[in-house]
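For reference, the structure discussed in these notes is given below.
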Protein chains: 2
Amino acid sequence: MDQKQQDNGKGPQAAPRPGGRAARIQAAIFKAVEELKRQGDAADLTVPAIAARAGVTPSTIYRRWGTLAELLSDVAVKQLRPDAEPADSGDWRADLKGWLEQYAEEMASEPGRAMLREVLGADRLENAGVCSAYTSRQLDIIRARALARGDRPPDTAVLMDRVIAPVIYRILFSRATPDAAYVAGLIEEVLGEDGE
Amino acid sequence: MDQKQQDNGKGPQAAPRPGGRAARIQAAIFKAVEELKRQGDAADLTVPAIAARAGVTPSTIYRRWGTLAELLSDVAVKQLRPDAEPADSGDWRADLKGWLEQYAEEMASEPGRAMLREVLGADRLENAGVCSAYTSRQLDIIRARALARGDRPPDTAVLMDRVIAPVIYRILFSRATPDAAYVAGLIEEVLGEDGE
DNA sequence: CCGGTAAAAGCAAATATTTTGCTTTAGTGG
DNA sequence: CCACTAAAGCAAAATATTTGCTTTTACCGG
């Protein structure tokens, strides 16, 4: 009757060794989740269905993650992990703008919204933090390039507050997509005050 | 095998008439949820437990809301509804600052975070929109007073982007509480540019 | 290379939950 | 007061979750 399962505290990639059984099985389960998410209704995304697809018994999933929400959250974080550094054109303002616009579009898309909801849906707050750390890091990379050229880009924290936060807020709390014009406006406001 | 229950589209207060049976039962269920949330672990907050507390059969809840998440979302929206207008001291800047600081504190509290998560957790996006509309409206009231006195307060949309969004983003995506100093800083930045 | 060991997976029975078909009740309008 | 509709109750069936115990797997020290 105790509500909390074991929480190994090791986070999404809890595997003894990259080739071990645990890693193999986790990979199979993640793959099953991704495939099922792509295919059918959200209603087909049940622990038993995932287990069957992954060729695993449901209790494995319940024992490792506790709830469907935790599993989906881990999968979403994995999918949100940036796979590359932001493009580098030599013009950091353009890179920043491009990256932010693409970020907003991706997050506002249906799969993007679903991932946000899944990340936030878990009891474990950690995943949400990882997610925003990914964003911070990408912005920091662009910022570091600007600094290296002797420029004065805004602090990453400022960009998080002034661009990322409003974009995510709109996605979460309204049906309206933050479109490119809106994002561009936010960016200009931040860059405009640059010299103050 | 269809995932969506009936969705009457009438939102949280779906009752034929204020004194009718439907309203009575909904009130009993909401009360049961609030009581159980106050009392025990989140794990005790199950549909059967709520039904038992409310003196109702579980299928009533499943038929009206479909899932626990929808019910919790409706209850959270109801609790987030402001019960009074913002204080009016005659100094709109002070009123605004006070209201925003209290808002941030309330949302960052454990119950506040829980309500945010519950509102966002439902499939029905509508509730999140209602929630942010509540906030907007409160800000608008303060703003209207300032305008009535011939002042030039910032647009509500600007406050949403520059203060509410960063505060909520921090609450959702980091463990750190947006403290009074942080909120005050955001407000000053917005008010500082006022005359530009 | 061969057991020994600990952690995790499988299995299956026990619980708990959700869904569903049908019946009953409460509120509405004639 | 009676018929009608919408929602609630009830109970059985279907699903999902939890749990105790067994088996497998990878790692470790000989």
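The sequence lines fix the lettering, A, B, ..., with proteins before strands; numbering per chain opens at 1.
- Ranking D:dT25, C:dT18, C:dA9 by closeness to the A:R24 side chain, first place goes to D:dT25.
- Rounded to whole angstrom, the span from the OH atom of B:Y62 across to the P atom of D:dC10 amounts to 16 Å.
- More than 12 non-hydrogen atoms from other residues, nucleotides or ligands lie less than 6.0 angstrom from CD of A:Q138.
- Between B:K37 and B:D44, none of the side-chain N atoms (NZ, or NE/NH1/NH2) sits under 4.0 Å from a carboxylate O, so this pair counts as no salt bridge.
- The side chain of A:T46 lies closest to D:dA16, out of D:dA8, D:dA16, D:dT18.
- For B:R21, whose side chain is taken as the heavy atoms from C-beta onward, the closest listed nucleotide among D:dT25, C:dT18, D:dA8 is D:dA8.
- At whole-Å resolution of the value, CZ in A:R64 and P in D:dT18 are 17 Å apart.
- The side chain of A:T60 has C:dA9 as its nearest neighbour among C:dA9, C:dT17, D:dG9.
- A side-chain N or O of A:Q102 and one of A:E106 form a donor-acceptor pair less than 3.5 Å apart.
- A residue-by-residue look at A:S59 and A:P48 shows that A:P48 has its nearest nucleotide of DNA chain D further toward the 5' end.
- In this structure, CD1 of B:I25 is placed 9 Å from C1' of C:dA26, rounded to the nearest angstrom.
- Around the CD atom of B:Q79, the shell of radius 6.0 Å holds more than 12 heavy atoms that belong to other residues, nucleotides or ligands.
- Between B:I61 atom CD1 and D:dG9 atom C1' there is a gap of 13 Å when expressed in whole angstrom units.
- The distance from atom CG of A:D44 to atom P of D:dA16 is 10 Å, rounded to the nearest whole Å.
- In this structure, B:W65 places its CH2 atom 12 Å from C1' of D:dA8, rounding to the nearest Å.
- In this structure, B:L45 atom CG and C:dA16 atom P are separated by 17 Å, rounded to whole Å.
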